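Before any comments, here is the structure.
Computed from a prediction, not measured in an experiment: that's the story for all the values here. The basis for the numbers below is simple: all heavy atoms, side chains too, and nothing from hydrogens, waters or symmetry mates. So you know, we letter chains A, B, ... as the sequences are listed, proteins then strands, and number each from 1.
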Number of protein chains: 2
Amino acid sequence: MAKNKKILIVEDEPLIAEDIKECLQSINYNVCGICHNKEQAFEALEECNPDFVILDINLGNNQDGIVIAEHINDKYDIPFIYLTSYSTKSVLEQVRGTHPMGYVVKPFVEADLFSSIEIALFNHTKLVRPSVFGIELINANIVDALTNKEFEILDDMYNGKSNTEIAENHFISINTVKTHAKKIYEKLDTHSRAETIVRIREWLSQ
Amino acid sequence: MAKNKKILIVEDEPLIAEDIKECLQSINYNVCGICHNKEQAFEALEECNPDFVILDINLGNNQDGIVIAEHINDKYDIPFIYLTSYSTKSVLEQVRGTHPMGYVVKPFVEADLFSSIEIALFNHTKLVRPSVFGIELINANIVDALTNKEFEILDDMYNGKSNTEIAENHFISINTVKTHAKKIYEKLDTHSRAETIVRIREWLSQ
DNA sequence: TGCAATATCATCCCGTTGGGTGATTTACAG
DNA sequence: CTGTAAATCACCCAACGGGATGATATTGCA
C-alpha cells in the first residue's frame, strides 16, 4: 500500500503531538508538520501541501480546530479527521457541520488511528471523483463511438442549449445540428434531449 | 435533525448489544434489529431494510463481521461501521478491504458512536447519490415555492420523462401535466426541459 | 488515386413542447 | 361561510424537436 501520504498534525499539547507523530511513523506515514495553533496550521496548509490533516478541536482555550476545519473546507480539498477528547453535545453539533471524514476519541490506540486514516483516505478519493465529462467517458459506455463534433454538440445539449443556440455557437446551420443530434441519439440509444441528459448523468455518477 | 434512520446492530454479546441499543435510542436513533450471528444478520438485512449497520467483527469464534460487510457491499447499498475491539494488523488489512464508513474501538462512548454514525451517513449520501434532490432544496433556491404536486412532476422531468409518460405515471391528463410544467418553468425561470434539468443540476452540485 | 468517414446543409412531416386563456372542483384558513 | 390556493382539465397555436431521406464538400488513410 502506498503510504507516501503527507500528514499534518494539529495538536496543542507537544507531548501528545509527538506521540501521534511516532505512532504515524511507526505505521509508515509521512508526518509533514506539527502545528500547535491556528496560525501555524494555516501556514502549514499553504506550505507543505498535506494529503491529510489530523485535528485536535481544542487548541489552547478555544475550539480553533473547528475553525481550521472550516478553512480547509473553504480553501482546500483535503480530508481530515478529528482526534480529540472534546465531546459535549453542542460541540459535536458544530463538528458534524464541518463534515470530517472521521472522529477518533482520545485516548486512542494505534489501530484506531490507522484504520480511521485509511478509511478517510479511501472515502475521500471516492468523494472527489472529478466527474468531468469527456468524450472518452461517453465512448467507454457505447459501442459506436461519438466523433469529436458530435461530442461538442452533446456537450451543449447536456448544458441545456437549444438546437438554435448550438447552431449559433458553432456557426453552423440548425439542420446540421439536427443531423448530429440524430446520430447522437442513435449512438446513445435515446430519443429526446432530456433522456440523453439523464443517460449522461448516470454515466457520470458511476 | 431527522433521526428516523433505522439502524441494525450486529453484536454477539447480548449485554453489549443492549448497551449499544440504549445508547442509540438515547440519541434518538431507531434500532430496527439486533443480530447475534451471520445468519440473523442476512435475514434482518433482507427484512427490516436498515439505513445503517453497526458491525462487530468477532461473532463467536470467527470474524463473520467481515463476511457480513462483504455481503452488504455485494447486495445492498447500506453504509456501515465496525464497532469492535478486535485490532490485530492482519484483521485490519481485511477490514480496510471492505470499505467501512467508520471504525469505532471498544470501549466506546456515546459521543464517539454518535459522531461516527453521523459522519458515515453524511459521507454515504455524498458517495452514493450526490443528487438526492428534495422539494426543500428546490424551494431554497426560488422565491415562489413549488407545491408538492409540482415537485413530483419536476422530479419526473428531471429523470427524462416526457409529458405523456408523466401523465400516465400520475394518472392525470397530459393537459394537467402541461399546466404544472408551465408553473414550474415560471417559478424556476426556465423555458425548456433541458434548461430546467441543468438548473437543478447546478443547485444540486452547490 | 480512390474509398470511407465526417461534416455540412436541405426539405418534408409530424408529434411534442411551451405559452396563452379560461374553467371546475376540492380543500383549507380567515 | 367565503375567498384563496391547489389540482384538475380543455382548446388553441406557434415553435421546437425528432425521424426519414438525400445531397455535397472535406479529410484522411489505404
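- Panel note: side chain B/D144, backbone B/K187; no donor-acceptor pair is recorded below 3.5 Å.
- Checked against the 6.0 Å centroid criterion, the rings of A/Y185 and A/H191 do not qualify as a close aromatic pair.
- When rounded to the nearest whole Å, the span between CD1 of B/I166 and P of D/dA7 equals 15 Å.
- Atom CD1 of B/I135 and atom P of D/dA6 are 11 Å apart (whole Å).
- A donor-acceptor distance shorter than 3.5 angstrom exists from the side chain of A/E11 to the backbone of A/E13, with no hydrogens or angles considered.
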Sugar-phosphate atoms are those with a prime plus P, OP1 and OP2; base atoms are the rest. Using that split, label each nucleotide of nucleotides 8-13 of chain C B, S or - for protein heavy atoms under 4.0 Å, 5' to 3'. BBBB--
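- Here the CD1 atom belonging to B/I72 is positioned 9.0 Å from the OG1 atom belonging to B/T98, to the nearest 0.5 angstrom.
- To the nearest 0.5 Å, atoms CD (B/E18) and CD1 (B/I20) are separated by 10.0 Å.
- Of the residues A/H180, A/R193, A/E152, the one that meets the side chain to side chain contact (heavy atoms under 4.5 Å, CB included) test with A/M157 is A/R193.
- Side-chain polar atoms of A/Y103 and A/T84 form no donor-acceptor pair below 3.5 angstrom.
- Here C/dT21 presents its P atom at 12 Å from CD of B/E186, a figure rounded to the nearest Å.
- In this structure, B/I184 atom CD1 and D/dT8 atom P are separated by 12 Å, rounded to whole Å.
- Ion pairing of B/K161 with A/E195 is absent here, as no side-chain N (NZ or NE/NH1/NH2) approaches a carboxylate O to less than 4.0 Å.
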Atom pairs under 3.5 Å: protein N/O with N/O of nucleotides 2-4 of chain C:
none

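- Axis deviation across the helix from C/dT1-D/dA30 to C/dG30-D/dC1 amounts to 40°, comparing end segments of five pairs, rounded to 10 degrees.
- C/dT6 atom C1' lies 13 Å from atom CD1 of A/I153, rounded to whole Å.
- In this model, the phosphate group of D/dG17 is not approached by any side-chain N or O of A/S192 to a distance below 4.0 Å at OP1 or OP2.
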Run the side chain to side chain contact (heavy atoms under 4.5 Å, CB included) test on A/N30 and A/F52 for me, step by step, so that the C-alpha distance in whole Å, both residues' side-chain angles and the decisive distance to 0.1 Å come before the verdict. CA-CA 10 Å; A/N30 169 17; A/F52 192 81; over 6 Å; no
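- The listed nucleotides are C/dA7, C/dT16, D/dG18; the one nearest the side chain of A/R193 is D/dG18.
- Here the CG atom belonging to B/L55 is positioned 9.5 Å from the SG atom belonging to B/C35, to the nearest 0.5 angstrom.
- The separation between A/L154 atom CG and C/dA7 atom P is 13 Å, rounded to whole Å.
- In this model, the phosphate group of C/dT17 is approached by a side-chain N or O of B/N163 to a distance below 4.0 Å at OP1 or OP2.
- One interatomic measurement links the two molecules: CD of A/E165 to C1' of D/dC16, which rounds to 12 Å at whole-angstrom precision.
- Separating the CD atom of A/E195 from the P atom of D/dG18 is a distance of 10 Å, rounded to the nearest angstrom.
- Residues A/L154 and A/I200 have side chains in contact (heavy-atom distance under 4.5 Å, counting atoms from C-beta outward).
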